[in-house]
Amino acid sequence: MSTGHLFIVSAPSGTGKSTLIRRLFEKGMGDAGDLVHSVSHTTRKPRRGERDGRDYYFVDRTTFEAMIKAQEFLEWAEVFGDYKGTSLREVDLRLDTGIDVILDIDVQGALQVLATRPTATFIFILPPNRTEMERRLRTRRLDEPEQVARRLALSRSEIERYGSYDYAIINDDLERASEALATIILDKRYRRERLEPQIQSILESFGSPGDDSSND
Ligand code: ADP
Ligand code: 5GP
């Protein structure tokens, strides 16, 4: 069995990253248990509708800082005043058993992963423009106005880091953008190197070299 592949998805807040990833799973990707979305730890308070263990593991700062000290994170960052991080446990158990893992993390976190897992695939999602991103942030009504302003203020410097990513997707049309994301994931899944163990076992089913009597 080959190991799973790690996908890193980043975007300025309000671009539609969570929507795109959710859509991927709604359309059946991962139904075979071969793709999971990693659940991060955070000290941020849950928003309306968010559930512990599904959207995030909601923990207090003391717990998060103890995890940093115990080196339990693949990456972590302080994002909009709250800690957010991906635990090694959340990722490596899956990768080791051949399951692909998607991380939805900010650019600071993505650069940390780039340093330690350079073979991961880095995907950057962009909004069509600033006005549309602001509209999306305001209409989803999940953040107080000052949080919206904070997220907008950071977005330009985040977008400027796009050069560290392998792929860029402009989330103008949701359907097209989600297809682009699915295509990138499938591309990695069908790489010849990835299928090597399965190909070897198919080859073995044909017997040893020289055993081929079918052409006689
Ligand atoms: P993020 O996870 O990047 O912060 P969300 O997924 O919460 O962003 O999306 C922000 C808002 O934009 C949501 O209300 C979502 O329904 C909307 N949205 C996402 N993608 C699109 C799109 N392609 N066109 C229009 N609205 C979108
Ligand atoms: P939100 O508060 O809207 O859920 O997320 C805000 C930002 O935090 C998004 O850019 C998201 O990608 C980022 N984020 C979520 N989880 C993690 C994580 O585990 N690590 C890092 N570095 N960023 C994260």
Side-chain angles (χ1 to χ4, degrees), residues 6-26 36-59 64 67-68 72-91 101-117 120 122-144 146-159 161-162 164-165 169-181:
L6 185 60
F7 296 92
I8 314 299
V9 180
S10 301
S13 182
T15 300
K17 177 170 31 93
S18 319
T19 309
L20 275 175
I21 295 174
R22 201 167 46 241
R23 194 153 188 102
L24 203 65
F25 286 96
E26 282 167 3
V36 294
H37 177 209
S38 155
V39 178
S40 297
H41 284 70
T42 187
T43 56
R44 169 165 81 56
K45 296 276 165 283
R47 292 186 186 125
R48 164 169 43 89
E50 283 185 331
R51 236 180 37 218
D52 186 49
R54 183 192 65 184
D55 300 289
Y56 281 102
Y57 298 112
F58 295 101
V59 296
F64 199 101
M67 289 179 71
I68 297 175
E72 289 182 33
F73 287 113
L74 167 63
E75 63 74 36
W76 65 271
E78 198 147 6
V79 189
F80 307 119
D82 296 303
Y83 284 130
K84 302 232 165 104
T86 308
S87 71
L88 283 162
R89 193 187 152 74
E90 188 70 17
V91 172
V101 180
I102 299 192
L103 307 186
D104 154 1
I105 60 176
D106 83 325
V107 284
Q108 307 172 70
L111 293 175
Q112 292 171 42
V113 181
L114 184 60
T116 56
R117 313 272 171 119
F122 294 80
I123 306 163
F124 197 79
I125 319 270
L126 294 108
N129 53 59
R130 186 188 190 279
T131 311
E132 172 61 12
M133 198 183 101
E134 181 169 2
R135 190 196 67 75
R136 289 181 192 173
L137 267 176
R138 292 194 191 286
T139 52
R140 78 174 178 181
R141 294 168 192 242
L142 289 179
D143 303 291
E144 300 299 325
E146 65 273 18
Q147 278 288 333
V148 169
R150 237 172 135 189
R151 285 166 191 258
L152 277 170
L154 243 174
S155 56
R156 189 187 163 87
S157 63
E158 288 177 305
I159 294 174
R161 314 299 280 271
Y162 76 92
S164 301
Y165 291 73
I169 299 175
I170 298 169
N171 182 19
D172 41 13
D173 175 75
L174 187 57
E175 207 48 50
R176 202 174 30 190
S178 91
E179 240 167 63
L181 185 55

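What you see is a predicted model; the values in this text were computed from it and never measured. Just so you know, ligand 1 is whichever comes first in the structure, and atom 1 is the first atom listed for that ligand.
Nearest to atom 24 (N) of ligand 1 among the protein's heavy atoms is Arg136 NH2, 3.2 Å. Nearest non-hydrogen protein atom to atom 8 (O) of ligand 1 is Gly16 N, 3.1 Å. Here the protein heavy atom with the shortest distance to atom 10 (O) of ligand 2 is Lys17 NZ, 3.6 Å. Here the protein heavy atom with the shortest distance to atom 16 (N) of ligand 2 is Ser40 OG, 3.2 Å. The protein heavy-atom contact nearest to atom 23 (N) of ligand 2 is Asp106 N, 3.1 Å. Atom 15 (C) of ligand 2 has its closest protein heavy atom at Tyr56 OH, 3.3 Å. Among all non-hydrogen protein atoms, the one lying nearest atom 8 (O) of ligand 2 is Lys84 NZ, 3.3 Å. Looking only at protein heavy atoms, the nearest one to atom 20 (N) of ligand 2 is Glu75 OE2, 2.8 Å.
Every N/O-N/O distance between Thr139 and ligand 1 stays at or above 3.5 Å. Note: no N/O pair closer than 3.5 Å links Asp173 and ligand 1 by distance alone. Among the atoms of Thr19, some N or O lies under 3.5 angstrom from an N or O of ligand 1.
Contact atoms of ligand 2 toward Asp104: 11 (C), 12 (O), 14 (N), 15 (C), 16 (N), 17 (C), 24 (C) (distance under 4.0 Å to a heavy atom of the residue). Atoms of ligand 2 found under 4.0 Å from any heavy atom of Thr86 (numbered from 1 in listed order, with element): 19 (O). For ligand 1 and Leu174, the ligand atoms under 4.0 Å from any heavy atom of the residue are 20 (N), 23 (N). Heavy-atom proximity to Ser13, at under 4.0 Å, picks out these atoms of ligand 1: 4 (O). Heavy-atom contacts of Asp172 reach the following atoms of ligand 1: 22 (C), 23 (N), 24 (N) (cutoff under 4.0 Å). Close approach to Arg140 involves these atoms of ligand 1, each under 4.0 Å from a residue heavy atom: 1 (P), 4 (O), 5 (P), 7 (O), 8 (O), 10 (C), 13 (C), 14 (O). Against a heavy-atom cut-off of under 4.0 Å, Ala77 is close to the following atoms of ligand 2: 22 (N). For ligand 2, the atoms closer than 4.0 angstrom to any heavy atom of Arg47 are 1 (P), 2 (O), 3 (O), 4 (O).
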Take Glu132 and Arg135 through the test salt bridge (Lys or Arg N to Asp or Glu O under 4.0 Å) and record every step on the way to the result. CA-CA 5 Å; Glu132 172 61 12; Arg135 190 196 67 75; 2.9 Å; yes
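Annotation: side chain of Thr42 is in contact with side chain of Phe58 (closest heavy-atom distance under 4.5 Å).
The heavy atom nearest to atom 20 (N) of ligand 1, out of those in Asp104, Ile125, Ile170, Asn171, is found in Asn171.
Residue contacts with ligand 2, taken as heavy atom pairs separated by less than 4.0 Å, involve Arg44 solely via side-chain atoms from C-beta onward. Heavy atoms of Glu78 found under 4.0 angstrom from ligand 2: none, in either backbone or side chain.
Summarising the geometry of Ile105 relative to Glu75, their closest heavy-atom pair is CG2-OE2, 3.5 Å, with the distance given to 0.1 Å. Pro127 and Thr15 make their closest contact through N-CG2, 3.4 Å (heavy atoms, listed as atom of the first residue, atom of the second, distance).
At least one heavy atom of Gly14 sits closer than 4.0 Å to an atom of ligand 1.
The aromatic rings of Phe64 and Tyr83 lie parallel to each other, their planes meeting at an angle below 30°, with 60° marking the opposite boundary.
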